[in-house]
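Here the structure comes first, spelled out in structure tokens, and everything after it is commentary.
The structure displayed is predicted, hence computed values, not measured ones.
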Amino acid sequence: MEWSRHPGKVGKGDPANELHASHLLLQALTEVQTEFIQGHEMPRIFDKLLSVLLKLTDSEYGFIGEVQRTAEGEPLLRTHALTNIAWTGELREFYAREAPKGLEFTNLKTLFGAVMTSGQPVVSNAPAVDPRRGGLPEGHPPLCSFLGLPFHSANEMVGMVGIANRPGGYDDAVIAFLQPFLATCCAILQGVRSERRRRQAEEAQRRMSESFRTLIERTPDAIFIHREGTVVFANSSAASLLGHACGTVLRGRPIAELVQPGGEVALTEPSSISAPHEVMFQHHEGRRVLCEVVTLSLLFDGQPATVSITRNITERRLVQEKLLASERLASLGTLAAGVAHEINNPLSYMLSNLQFVDDELSAMTSSGEGLAGERGQEIRDALKEALSGSQRVVDIVRDLKIYSRSSDERRGPVDVQAVIDLCGNMAWSEIRHRARLVKDYGGVPSVHANESRLGQLFLNLLINAAQAIPHGDIQGNEVHVSTRYEEGQVVVAVRDTGEGIPPENLEKLFNAFFTTKPKGVGTGLGLSICHGIITELGGRIAVQSEPGKGTTFQVFLPVGEPPSAAP
């Protein structure tokens, strides 16, 4: 704005002069506000405000500053406009270098510090004797009078202005005159703070976006982001999983082309992190890759999308199968002596009876005696006993065959109680010398499972229950098996009256290779594999135990095909 040769000054007692000064102030504030709205540089706007302030108050020098906080919460002043009153060459260089960035003043034992700590105007027309003064460094221009005025938002002190060396000093008339000026400074500084927060938020968002992209690019898990069935992003691990050089090759491809038929459902419907889907992906070279997939909804590039976080479990599944086979063999080893005894008994009387039949038939053939008499009835009875024994052997072999059938992983309706009966027969050699086997079956529906896997599960629980009971009191101890149906689940409880499990071991029971059995007895994999079998079926297992009173394992199996079953 253009100033008159003798601009009006406030507080001189001349109404015309006062009116002229007010007019000039409002004109200047209007120009400054317009420049702020138009986006002019902040240093230029604040310098202009300070120039107007000094001219209208006839002050020698001054500043406009923003109140900020230290890390400890103490107020400090950062200047946005400051008169250059450097009195040495070194200070002039310092001012030229630092003033554009804003100088910080933290010493509050000064006149301007009194404004910041009190939040009230400070007028000092005799600074040399004012108790609030902080003193002046040697060579500093003299300070004859000082006025410090704070300006506030609704809930905090935003900043302050300070002016000095007005002839005749400062009074209430000057303070009243500058109220519009203070309001303008407050509004502009609040705008500056808002813009600063916006830039900080944008920078934080940019850094977050960069970190997010770095994270998903470098994570070992394959990540597919897709929208309306089409891939919009795939990281390097996703490309490697399917045999491609980079993720850009997959962009634009239908998600259904990446998986075996039916697997796309698991990639489009949100899933629980605790129960991931198993999906068979199609490798670029034609082979299949088994993966666990967790699917979530999120915003990607500002639009709704679906992210499928995928982990290759092909090798893990192979290791699991080997562990299952190992545990199955270990269980069979435990049962070997008992099974041999179970087969040996019927075989013994089968052979004895068949020998008897052979001898009798030879004798009767020699004598010409027929089979209608008493001797013939004895032969028929012996043959019935032999047939009964052979059926017992057939049953034992059948049970072993079902239990050891590891290659058939097909699932279908399984009669849980029939499987428990089978496992009870196989574990009988372990149970019968320790306790009674008590069955308490409720009416339960079939579950969708693999019969061999369920057999391994319940056989492990029955053998563990038997081995938890010491020898010596068969009638006083029992292994109790019950079934019931509740809330869409078949619940099987295996309870023993054994020694119980110490509380510190309960949380470790399902850890691989953890065992409380003596060294060389058991692999420590049984309960871990049981937990894996149940989890794979979408169920859960719980355990309750009290030392000296026994242990109860409860198995909860969902009825029908679980949603997490592999396609």
Using modelled atom types and a 3.5 Å cut-off, is there a donor and acceptor pairing between side-chain atoms of [X] and backbone atoms of [Y]?
X: Ser211; Y: Arg207; result: yes
X: Thr230; Y: Pro254; result: no
X: Arg227; Y: Pro304; result: yes
X: Asp221; Y: Ile309; result: no
X: Arg253; Y: Val232; result: no
X: Thr314; Y: Leu290; result: yes
X: Thr310; Y: Val293; result: no
X: Arg288; Y: Gln282; result: no

Is there a side-chain contact between [X] and [Y] (heavy atoms, below 4.5 Å)?
X: Gln554; Y: Val491; value: yes
X: Leu267; Y: Thr306; value: no
X: Asp421; Y: Tyr441; value: yes

Check this for me: does any side-chain nitrogen of one of [X] and [Y] sit under 4.0 Å from a carboxylate oxygen of the other?
X: Arg199; Y: Glu202; answer: no
X: Glu292; Y: Arg311; answer: no
X: Arg206; Y: Glu203; answer: yes
X: Arg196; Y: Glu66; answer: yes
X: Arg484; Y: Asp440; answer: no
X: Glu499; Y: Lys549; answer: no
X: Arg411; Y: Glu536; answer: yes

Compute whether any side-chain donor of one residue and acceptor of the other, for [X] and [Y], lie under 3.5 angstrom apart.
X: Asp415; Y: Ser446; answer: no
X: Thr295; Y: His277; answer: no
X: Gln417; Y: Thr483; answer: yes

Item to complete: May I have the step-by-step check of side-chain contact (heavy atoms from CB on, under 4.5 Å) for Gln190 and Ser153, ending in yes or no?
Response: CA-CA 8 Å; Gln190 284 184 300; Ser153 66; 3.0 Å; yes
Discussion item. Below 30° counts as parallel, above 60° as perpendicular, anything between as tilted: where do the rings of Phe281 and Phe224 land?
Written reply: parallel
Discussion item. Tell me if the CD atom of Glu104 is crowded by more than 12 foreign heavy atoms within 6.0 Å.
Written reply: yes
Worksheet item: What are the two closest non-hydrogen atoms of Ser545 and Gly550, and how far apart are they?
Response: OG-O, 3.3 Å
Worksheet entry | Residues that Glu487 engages under salt bridge (Lys or Arg N to Asp or Glu O under 4.0 Å), provided they are two or more places apart | none
Fill in: side-chain contact (heavy atoms from CB on, under 4.5 Å) between Val414 and Asn450, intermediate numbers included
CA-CA 7 Å; Val414 176; Asn450 176 269; over 6 Å; no
